[in-house]
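I have placed the structure first, in the form of structure tokens, so that the comments after it can refer back to it.
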Amino acid sequence: MDKYNYNEIEKKWQEFWAKNKTFKASNKSDKPKFYVLDMFPYPSGAGLHVGHPLGYIASDIYARYMRHRGFNVLHPMGYDSFGLPAEQYAIQTGQHPAKTTEVNILRYREQMDKIGFSFDWDREVRTSDPEYYRWTQWIFLKLFDSWYDNEQNKARPIEELIAHFANQGNEKINAASDEDAPVFTASEWSAFDESQQQEILLKYRLTYLAETEVNWCAELGTVLANDEVVNGVSERGGYPVVRKKMKQWIMRITAYAHRLLNDLDKIDWPQPLKDSQTNWIGKSKGAIVEFAIQNSSVKIPVFTTRPDTIFGVSFMVLAPEHEAVLEITAKEQKEEVEKYIEATAKRSERDRLSDVKKITGVFTGAYAEHPFTGEKIPVWIGDYVLASYGTGAVMGVPAGDQRDYDFAKHFKLPIPAIFKDVDISEEAFSGKENSILINSDFLNGMSYAQAMEKIIAALEAKGVGKEKINYRLRDAVFSRQRYWGEPFPIYYKNGTPYPIPETSLPLQLPEVEKYLPTETGEPPLGRAAEWAWDERNAAVVDNKKIDNKIVFPLELNTMPGWAGSSWYFFRYMEDEKRAEVFASPEALNYWKNVDLYIGGSEHATGHLLYSRFWVKFLYDRGLVAVDEPFKKLINQGMILGESAFIHRVEGENRYVSDNIKEQYKTYPIHVDVNFVNVHNELDVEAFKGSGSEFENAEFIFEKDRTFKVSREVEKMSKSKFNVVNPDDICEQYGADTLRMYEMFLGPLEQSKPWNTAGITGVHGFLKKLWKLYHSGTDGKFLISEKSASKPEMKVLHKTIKKVQEDIEAFSFNTSVSTFMIAVNELSALKCNAREVLEPFLILISPYAPHIAEELWHKIGHNESISNAAFPTFNESYLTEDEKEYPISFNGKMRFTLKLPLEMSKDEVESAVMSHEKTQHYLEGKSPKKIIVVPGKIVNIVH
RNA sequence: GCCUUGGUGGCGGAAUUGGUAGACGCGCUGGAUUCAAAAUCCAGUGUCUUCGGACGUGUGGGUUCGAUUCCCACCCAAGGUACCA
């Protein structure tokens with residue numbers, strides 16, 4: 001008897017595919033292209049658990065399906081191999097991160113190979129490979145070499161800006177730049193010396209160096225991006241994070257804010273993800289209004305979304321960090337103001353967030369002048385105003401803003417009424433609809449929309465303000481004080497940054513003897529013996545030669561994790577791995593962008609936003625053919641683990657079974673799920689051997705002599721002892737079973753717990769499938785060349801239709817069910833006809849490629865099944881002559897009636913009415929109305 | 001608070017444009033086979049029932065001949081975000 005020996009079959013075909021390079025993608029083809037991509041993994045030391053491959057299996061099914069449909073499919077895989085865990089491991093053990101990373105990658109590869117993915121491994125990338133990161137550095141240099149033209153709405157080479165400065169100065173230029181860029185004429189520009197010019201240019205470059213407040217994490221010895229800080233502590237490790245000023249490389253992503261927002265309409269992404277990005281970018285429309293400070297030359301601009309409420313201003317509040325605070329503060333308030341500033345600076349972001357409700361502030365003693373009424377407006381400082389948003393100052397309109405209202409109430413400031421018939425004795429009125437302005441001079445009697453238009457015109461006419469669109473999005477800090485990242489291709493001459501020449505890339509990571517920051521607080525690269533730039537020879541040289549005039553220090557920071565992942569999808573396109581281009585123009589023009597991207601939603605405001613930014617930039621500079629990287633995106637859900645707990649009696653080395661734990665005072669501790677069976681029973685003997693603390697422990701059993709654990713669904717993690725390894729599943733059930741079961745578990749987008757118990761259903765199905773092709777005596781391989789019966793063909797075509805629909809809707813879980821039904825039906829029909837069994841293999845091969853490939857060869861093919869064309873659906877096999885109509889009375893189904901399908905409405909109606917059961921259910925009444933939906937239902941209302 | 005997604009048996013989950021709710025799988029019950037077990041196969045399995053039927057898709061209304069599906073209000077859960085002026 002031929003047994004379904006999955007281990008042998010899977011090994012055989014995995015080797016066959018690798019040897020024949022079955023899934024190698026070509027950059028030249030007559031077929032239409034299709035690019036299917038997974039978010040590449042960070043190769044961690046823990047290896048893969050069953051949750052990781054979920055998205056890879058889905059994308060693999062789609063990639064294989066598209067090959068069957070006649071597409072030239074690009075389906076690559078690689079590693080995001082720079083990262084903090086390898087570095088921390090290096091700090092602890094002294095092992096070079098490159099080494100541990102290499103080991104982890106090999107392990108990942110081994111695990112992935114066992115699942116039978118159709119990746120083109122010839123295109124693999126690793127972000128930590130110098131041959132890869134030379135291009136990450138190159139793109140950085142391109143950003144350094146660019147500025148953003150707001151007129152043309154694109155990035156342009158910096159030379160064009162220099163030329164403009166030399167001809168016309170910068171008065172008329174509309175470019176994305178730092179707020180503090182000085183205004184100069186052409187002749188002034190020419191008079192500046194080299195370092196002055198460079199300093200100004202830095203204020204326009206798309207990546208620039210600036211002293212900024214950053215999230216400094218002392219425990220990790222590094223700066224973190226906003227999205228790496230969660231609730232005031234580091235996302236990784238949960239260490240405290242404080243605000244600190246540091247000189248950092250910054251990406252001018254804000255120049256792209258409006259395009260990043262608008263172009264969301266062009267891409268097919270899940271709504272929640274688009275919403276996340278929309279919120280993150282945070283566009284708000286309003287106006288800048290300038291308030292002059294009395295008895296001083298200081299003018300303070302505020303940003304407001306409600307300039308229409310300007311006649312309701314009764315005070316002004318500046319952020320404590322606002323640069324004008326000390327200048328305007330009156331002598332008698334000075335002490336109090338300084339005390340307040342000091343107090344807020346000490347409070348970490350975390351503290352500030354934790355007591356949001358507390359209202360604090362101090363009067364500066366200064367007064368601003370109302371731009372229209374000239375009234376005196378007291379100027380306060382308060383920490384509810386953030387220095388980093390808008391202009392760091394607000395106009396206080398208590399009637400129209402709840403926070404201003406609370407502030408006014410607390411400090412007993414006036415609350416002028418500016419809305420007709422609105423009660424503001426308890427709270428502010430912040431609505432825009434159905435309000436009429438009063439006490440507002442020339443805005444009296446106007447609605448929100450009318451007043452907005454009028455006030456902006458008035459502000460502009462008076463020269464005290466203008467319309468302004470403000471974004472919440474900030475420029476992205478790009479420096480990390482780490483070792484295991486891309487070095488910046490930058491050196492410093494008298495403190496001014498200069499790019500190292502493109503031809504000298506990659507600038508390779510230097511060796512260091514320790515991966516910690518230096519004693520003087522410099523990043524780890526400060527420890528490198530050779531880390532200075534020899535301009536004349538274009539080479540990295542010894543630090544000690546710095547005295548020599550032609551040798552300059554190199555940047556000590558490295559790039560963040562998102563640098564390498566913001567463009568890797570282009571490197572995959574390059575088939576020859578050419579060293580002279582990041583991807584050849586032919587390759588870029590052929591593959592264009594990713595048609596389908598699958599990955600987790602946790603990257604919504606990180607990777608997925610930064611990638612869009614870099615791609616738009618590369619597009620502007622004519623380096624790539626598209627301005628969005630990912631056309632369609634799907635977020636796969638997480639596969640969670642079912643943790644198991646035993647209950648320890650407090651203060652004792654005794655453990656109680658779950659059902660009787662109430663009799664004791666206990667607390668739960670995790671136990672390894674491998675010691676627990678399907679019935680939640682712990683194998684106590686085996687468990688005792690797992691750790692010394694349990695060896696002599698006492699276990700209190702239930703009446704039936706079992707020891708039960710309690711269960712809880714949590715994230716899969718080593719520390720929770722709930723990890724299920726895909727290798728074990730492949731060993732025990734086979735990769736095809738694993739693939740199908742992961743899909744069968746539920747909708748792709750949904751998070752769901754892993755439960756190995758249910759896998760037998762899918763495994764049994766594959767055995768049944770195998771049996772279909774073994775109809776010979778004693779289960780020997782045999783299929784028939786006779787033509788199939790009509791019912792058999794019907795099963796096939798029903799399946800073709802459903803599976804095709806399912807795959808195209810990414811509803812992989814339901815197509816597994818469809819296969820199960822089909823195999824059950826074909827088994828019942830004792831079908832063994834090639835006419836049915838051959839196309840059926842193609843349908844199933846994206847899901848269970850190994851068994852499909854094996855049977856495909858058994859039925860006489862030499863070529864891989866992946867080259868076979870997807871079977872064509874033929875409607876005629878599904879058309880029926882008769883239909884079983886459900887007959888309902890007042891909407892309730894009572895019986896069914898088989899009727900010819902070609903019957904007209906009237907014929908169906910009379911056939912139903914003349915039926916004896918109809919008379920029975922009518923109970924002597926006459927029908928009021930009869931609804932006939934041909935082919936579907938008959939409903940009789942009586 | 002705001003935005004988004006969701007709520008269906010013991011469990012994971014199906015249900016096309018409103019038309020037989022619970023497909024498929026797990027689990028459970030009974031049976032066949034076996035010395036026995038595993039494996040395999042067959043039958044049953046939403047709840048209640050006076051065996052006629054009644055009730056059932058988070059709750060309460062509405063539209064409709066007919067609602068898991070559409071509309072209104074509310075409750076709950078998950079994710080994102082937050083002194084954003």
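Worth saying up front: this structure is predicted, and the values here are computed from it rather than measured. A note on names: the letters A, B, ... follow the listed sequences, proteins ahead of strands, and every chain is numbered from 1.
- With respect to the salt-bridge test (charged N to carboxylate O, under 4.0 angstrom), the residues A/Arg306 and A/Asp401 do not qualify.
- Using Watson-Crick or G-U wobble geometry with both donor-acceptor distances under 3.5 Å, B/U4 finds its partner in B/A78.
- With its glycosidic angle within 90° of 0, B/G9 adopts the syn conformation.
- A donor-acceptor contact closer than 3.5 angstrom is absent between the side chains of A/Ser817 and A/Thr814.
- Annotated as syn: B/G52, whose glycosidic dihedral is within 90° of 0.
- Separating the C1' atom of B/A78 from that of B/G58 is a span of 15 Å, rounded to the nearest Å.
- In this model, a side-chain donor or acceptor of A/Lys936 finds a partner on the base of B/U17 within 3.5 Å.
- Remark: A/Arg472 is in phosphate contact with B/A82, judged by side-chain N or O atoms under 4.0 Å from OP1 or OP2.
- Distance check on atom P: B/G27 versus B/G12 gives 15 Å, rounded to whole Å.
- Rounded to whole Å, the distance from CZ on A/Phe889 to C1' on B/U20 is 14 Å.
- Across all strands shown, B/A23 remains unpaired; no Watson-Crick or G-U wobble contact has both distances below 3.5 Å.
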Donor-acceptor pairs under 3.5 Å, side chain of residues 935-942 of chain A to any protein atom, not counting sequence neighbours: which ones?
residue  : atom : partner  : partner atom : Å
A/Asn939 : OD1  : A/Gly891 : N            : 3.0

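- With respect to the salt-bridge test (charged N to carboxylate O, under 4.0 angstrom), the residues A/Lys632 and A/Asp268 qualify.
- Just one of A/Phe840, A/Phe873, A/Tyr877 meets the side chain to side chain contact (heavy atoms under 4.5 Å, CB included) condition when paired with A/Ile800; it is A/Phe873.
- In the set B/G27, B/A85, B/G19, the nucleotide with an atom closest to the side chain of A/Val385 is B/A85.
- For A/Phe303, taking side-chain heavy atoms from C-beta onward, the closest of the listed nucleotides B/U20, B/C65, B/A85 is B/A85.
- Set against B/A85, B/U40, B/U20, the side chain of A/Asp401 has B/A85 as its closest nucleotide.
- Among the atoms of the strands shown, only primed sugar atoms or phosphate atoms (P, OP1, OP2) are found under 4.0 Å from some heavy atom of A/Asn824.
- Looking at A/Arg403, A/His410, A/Gln402 one by one, the single match for side chain to side chain donor-acceptor pair (under 3.5 Å) with A/Asp406 turns out to be A/Gln402.
- Taking atom C1' in both B/G18 and B/G66, the straight-line distance is 8 Å, to the nearest Å.
- Only the P atoms considered, B/C11 is 26 Å distant from B/G19, to the nearest whole Å.
- Picking from B/C26, B/C84, B/C65 the nucleotide with the shortest atom distance to the side chain of A/Arg403 gives B/C84.
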Name the pairs: protein N/O against N/O of nucleotides 5-13 of chain B, kept only if under 3.5 Å.
residue : atom : partner  : partner atom : Å
B/G12   : O2'  : A/Leu745 : O            : 2.5
B/G13   : OP1  : A/Gln750 : OE1          : 2.8
B/G13   : O3'  : A/Asn813 : ND2          : 3.4

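- For A/Thr605, taking side-chain heavy atoms from C-beta onward, the closest of the listed nucleotides B/G27, B/U20, B/U81 is B/U81.
- Side chains of A/Tyr610 and A/Thr605: a donor-acceptor N/O pair is absent below 3.5 angstrom, by distance only.
- Going from atom CG of A/Asp406 over to atom C1' of B/G1 covers 13 Å, rounded to whole Å.
- Rounded to a whole Å, the OH atom of A/Tyr885 is 14 Å from the C1' atom of B/U20.
- Which of B/C84, B/A23, B/C65 sits closest to the side chain of A/Ile821 comes down to B/A23.
- Checking B/C84, B/G25, B/C83 against every side-chain atom of A/Tyr384, the shortest atom distance belongs to B/C83.
- Nearest-nucleotide positions on RNA chain B for A/Asn890 and A/Val762 put A/Val762 closer to the 5' end.
- Where A/Gly764 and A/Tyr741 meet RNA chain B, the nucleotide closest to each residue was compared, and A/Tyr741 sits on the side nearer the 5' end.
- With B/C55, B/G66, B/A85 as the candidates, the nucleotide lying closest to the side chain of A/Lys892 is B/C55.
- Spacing between B/A43 and B/A23 at atom P, rounded to whole Å, works out to 15 Å.
- Here B/A82 presents its C1' atom at 11 Å from CH2 of A/Trp280, a figure rounded to the nearest Å.
- With both ends at atom C1', the span from B/C24 to B/A15 equals 12 Å, rounded to whole Å.
- With hydrogens and angles left out, the side-chain atoms of A/Trp754 and A/Thr756 include a donor and acceptor closer than 3.5 Å.
- Using a 30° and 60° split on the angle between ring planes, A/His774 and A/Trp770 fall in the parallel class, below 30°.
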